[in-house]
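Take a look at the structure set out below.
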Amino acid sequence: MNATSDNLHQVAIPEPFTLVVFGASGDLAHRKLIPSVFKLWCDGLLPEQVAVIGYARSEKSQQQFIDELRESAGNAFADQGVDFPQNKWKKFAARVSYHQGGYNIAADFESLRDSIKSQAAAASVAANCVFYLATPPDAFVPIVQQLYACGLSRRGETNPWSRIVIEKPFGRDLQTAQTLNAQLGECFSENQIFRIDHYLGKETVQNIMVLRFGNSIFEHLWSHDNIDHVQITVAESLDVGRRGKYYDNAGALRDIVQNHMMHLLSLIAMEPPVTLTPDAVRNEKVKVLKALRPIPPVCAKNGVVRGQYTAGTIGGVKISGYRETENVRPKSGTETFVAFKVYLDNWRWAGVPFYLRTGKCLQRRCTEISVHFKRIPDVLFNLPPYGPLPQNVLSIRVQPDEGITLEFQAKVPGAVMKIEPLKMKFDYKSSFGASPPDAYERLLLDAALGDATLFTRSDEVEAAWRFVAPVIEHCSQDCCSMISEYQPGTWGPAAADELIQADGRQWYLG
Ligand code: NDP
Ligand code: BG6
């Protein structure tokens, strides 16, 4: 075990290591990664001797880099409502350095290797490494190949160890994902590769397995016998912002469905794993993705609703239309909203529709999974004048206002029999006294501990593409005519409502 503690009830502390962040001048490094490492370090969850090296091409001095990080870490702590520990920052900043270099320049990687070795030797610790690839995807392969060429990938070696954490998007279709897997595999072993999807680091997402397999009341209801349908909504109120160049080549299907939504779907639908080891869990998740019924071409045109936001306002704030966004093609056919229905062809879920929708510039930010139980028989209270009664719904609020709600029927107190739906609620803040920590904290810690449970395995990423890529391909054939416009601040195009209403159902948010 790569940890100094094997007590399951205590958080394990990783062995001393160097974290190298490629793309250290960028948004992710500043907004999420460095603040998360600092927070872990302040909480005593990282070894005192941890070293952090920011690697990027931009010219900047060590002091400039530290000053920039101080500002972004300050903002991140403020966003979480946490006081910034200035004294600890001074000690932490002494462990951070900036290494200017190209992503395909051998000499720059050789000097990186020498810095890692000399810093580790000075601290009398092994030169273990976590390489975090926080660059756009074009740089992934050159970085990995340079790490291999200069001897830092240490394929198959366990002492000192090295691991890579690789950001999304992982490929843009099945073929490019397979090629990327093969290229990574030439330089690192699969157990050294940590494909990150920050959704898996969210407490509420980790809790899906606990809810299902840590309680006896749900599992025997969890199938086509009792469940009518399942909905997954990933709604954002933000627009594409400054990410036009990336987003216009991705769209909602690549940006959210292929990764975040496929993980939510597989966790909600998977069979109980035999153990909680990374492979046992991921084996079951892959089986769900393999059971996804392909959406036939005709449905990809008629049954998949794609939308694009127009100009408008959200909460009084003016929003430019998607096509007017910087670096977006003026006649772009890229979807900023998508909704569709899918089936899992396996025993448990036979005949149960899963409705998925995601979009930018929607009415509010909300990620939620709702499990809708079957209607009660048309007798007793399900007849007039009391019924028909709504179905029971279990909704898992991934974010914000994280929690779980169960909707059920109750008699309104009084002399007449009147029945109304009520909600039984659990929310993280009132039960645990705080909002859950940022997902990157947990994922960085797990990568340093070598625990890959919350990371995507190569076959998992390929199985997700096998389902999503054909949908993208069919939809893009006569793209512009297939896109429905929607106003910012709504729930997407009317066609998304028609999609679910055609089955006699409604979109639901608990
Ligand atoms: P940025 O565009 O900010 O890029 C990060 C850094 O990479 C830049 O500062 C730049 O550093 C370098 N870079 C930029 N363009 C290129 C290029 N074409 N080739 C090589 N290097 C380049 O990206 P983010 O920080 O936003 O994201 C990094 C990765 O994380 C991406 O893969 C993204 O998809 C993923 N991601 C980001 C999220 C976010 O919230 N930002 C969320 C989820 C995933 P320099 O020029 O100094 O070398
Ligand atoms: C990223 C997407 O993976 O997830 C972004 O690239 C999106 O487009 C973001 O905004 C949403 O993350 P979260 O944690 O805010 O739901």
Side-chain angles (χ1 to χ4, degrees), residues 222-224 226-237 251-253 256-258 260-262 264-266 268-269 288 291-309 335-345 349-376 387-398 405-407 421 423 467-468 471-472 474-475 482-510:
W222 215 257
S223 74
H224 64 95
N226 298 293
I227 292 176
D228 174 70
H229 75 281
V230 178
Q231 298 184 17
I232 304 180
T233 296
V234 177
E236 296 186 82
S237 54
L253 281 157
I256 300 283
V257 176
Q258 188 274 340
H260 306 328
M261 291 188 99
M262 288 296 118
L264 296 179
L265 175 67
S266 44
I268 211 74
V288 173
L292 278 166
R293 185 185 301 170
I295 297 183
V298 64
C299 284
K301 285 190 178 165
N302 301 326
V304 178
V305 175
R306 296 191 314 135
Q308 207 177 61
Y309 61 83
E335 76 285 346
T336 59
F337 176 96
V338 66
F340 59 98
K341 172 172 73 168
V342 73
Y343 288 93
L344 292 170
D345 284 330
W349 295 109
V352 178
F354 286 71
Y355 297 92
L356 275 61
R357 63 174 171 166
T358 181
K360 298 232 180 245
C361 277
L362 298 182
Q363 200 176 91
R364 62 186 155 95
R365 177 173 183 248
C366 174
T367 296
E368 186 171 302
I369 304 169
S370 55
V371 179
H372 299 246
F373 292 89
K374 287 195 167 162
R375 290 189 180 285
I376 53 168
L389 297 177
Q391 291 153 283
N392 294 123
V393 185
L394 180 73
S395 44
I396 301 168
R397 173 62 68 87
V398 173
T405 305
L406 179 64
E407 187 175 315
K423 286 180 179 170
F467 171 74
V468 175
V471 179
I472 298 173
H474 299 312
C475 286
M482 300 298 301
I483 292 254
S484 317
E485 293 188 337
Y486 64 96
Q487 283 284 322
T490 64
W491 286 108
D497 295 329
E498 289 155 17
L499 171 90
I500 192 165
Q501 282 162 5
D503 295 343
R505 302 182 175 104
Q506 302 279 346
W507 290 111
Y508 177 96
L509 287 178

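FYI, side chains are in, hydrogens and waters are out, and symmetry mates aren't considered; it's all heavy atoms of this structure.
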Check your understanding: For Arg293, what residues pass the salt bridge (Lys or Arg N to Asp or Glu O under 4.0 Å) criterion, not counting sequence neighbours?
Key ->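 Asp345.
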Exercise for review: Not counting sequence neighbours, which residues clear salt bridge (Lys or Arg N to Asp or Glu O under 4.0 Å) with Glu407? List them please.
Suggested key: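 Per chain and number, Glu407 pairs via salt bridge (Lys or Arg N to Asp or Glu O under 4.0 Å) with no residue.
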Point to revise | Verdict with reasoning, Val471 to Phe340, per side-chain contact (heavy atoms from CB on, under 4.5 Å) | key: CA-CA 10 Å; Val471 179; Phe340 59 98; over 6 Å; no
Exercise for review: Taking atom types as modelled, find out whether Ser237 and Arg364 have a side-chain donor-acceptor pair closer than 3.5 angstrom.
Suggested key: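 There is no such pair (donor and acceptor under 3.5 Å, judged by atom type) between the side chains of Ser237 and Arg364.
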Main-chain N/O of [Y] paired to [X] side chain as donor or acceptor, under 3.5 Å:
{"X": "Thr405", "Y": "Ser395", "answer": "no"}
{"X": "Trp507", "Y": "Gln231", "answer": "no"}
{"X": "Glu335", "Y": "Ala252", "answer": "yes"}
{"X": "Gln391", "Y": "Phe373", "answer": "yes"}
{"X": "Tyr486", "Y": "Thr336", "answer": "yes"}

Could you state the interatomic distance from [atom1] ([X]) to [atom2] ([Y]), rounded to the nearest 0.5 Å?
{"X": "Phe354", "Y": "Ile232", "atom1": "CZ", "atom2": "CD1", "value": "7.0 Å"}
{"X": "Asn392", "Y": "Lys374", "atom1": "CG", "atom2": "NZ", "value": "13.5 Å"}
{"X": "Cys366", "Y": "Arg397", "atom1": "SG", "atom2": "CZ", "value": "4.0 Å"}
{"X": "Asp497", "Y": "Gln506", "atom1": "CG", "atom2": "CD", "value": "7.5 Å"}
{"X": "Leu389", "Y": "Ile376", "atom1": "CG", "atom2": "CD1", "value": "5.0 Å"}
{"X": "Ile500", "Y": "Tyr508", "atom1": "CD1", "atom2": "OH", "value": "12.5 Å"}

Minimum-distance pair of heavy atoms, taken over all atoms of [X] and [Y]:
{"X": "Ile483", "Y": "Gln308", "result": "CG2-CB, 3.5 Å"}
{"X": "Glu368", "Y": "Gly510", "result": "OE2-N, 2.6 Å"}
{"X": "Ala339", "Y": "Arg357", "result": "CB-CB, 3.8 Å"}
{"X": "Pro353", "Y": "Gly351", "result": "CD-O, 3.3 Å"}
{"X": "Trp222", "Y": "Trp349", "result": "CD1-CZ2, 3.6 Å"}
{"X": "His229", "Y": "Val352", "result": "CA-CG1, 3.7 Å"}

Flag the pair [X] / [Y] as yes when at least one side-chain heavy-atom distance between them is below 4.5 Å, and no otherwise.
{"X": "Lys341", "Y": "Asp503", "answer": "yes"}
{"X": "His260", "Y": "Thr367", "answer": "no"}
{"X": "Phe467", "Y": "Ile295", "answer": "yes"}
{"X": "Met262", "Y": "Val257", "answer": "yes"}

Check your understanding: Name the one of Val338, Leu253, Val304 that satisfies side chain to side chain contact (heavy atoms under 4.5 Å, CB included) with Ile472?
Key ->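 With Ile472 as partner, Val338, Leu253, Val304 yield a single side chain to side chain contact (heavy atoms under 4.5 Å, CB included), made by Leu253.
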Practice item. Might you work through the side-chain contact (heavy atoms from CB on, under 4.5 Å) test for Tyr309 and Thr490, ending with a clear yes or no? Key: CA-CA 10 Å; Tyr309 61 83; Thr490 64; over 6 Å; no
Practice item. Please lay out, stage by stage, how Leu292 and Leu344 fare under the test side-chain contact (heavy atoms from CB on, under 4.5 Å). Key: CA-CA 5 Å; Leu292 278 166; Leu344 292 170; 3.6 Å; yes
Review point. Any salt bridge (Lys or Arg N to Asp or Glu O under 4.0 Å) pairs touching residues 482-494, not counting sequence neighbours?
Key: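 The answer is none; no pair qualifies.
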Review point. What's the verdict on side-chain contact (heavy atoms from CB on, under 4.5 Å) for Ile268 and Ile396, showing C-alpha distance, side-chain angles and the deciding distance?
Key: CA-CA 10 Å; Ile268 211 74; Ile396 301 168; 3.7 Å; yes
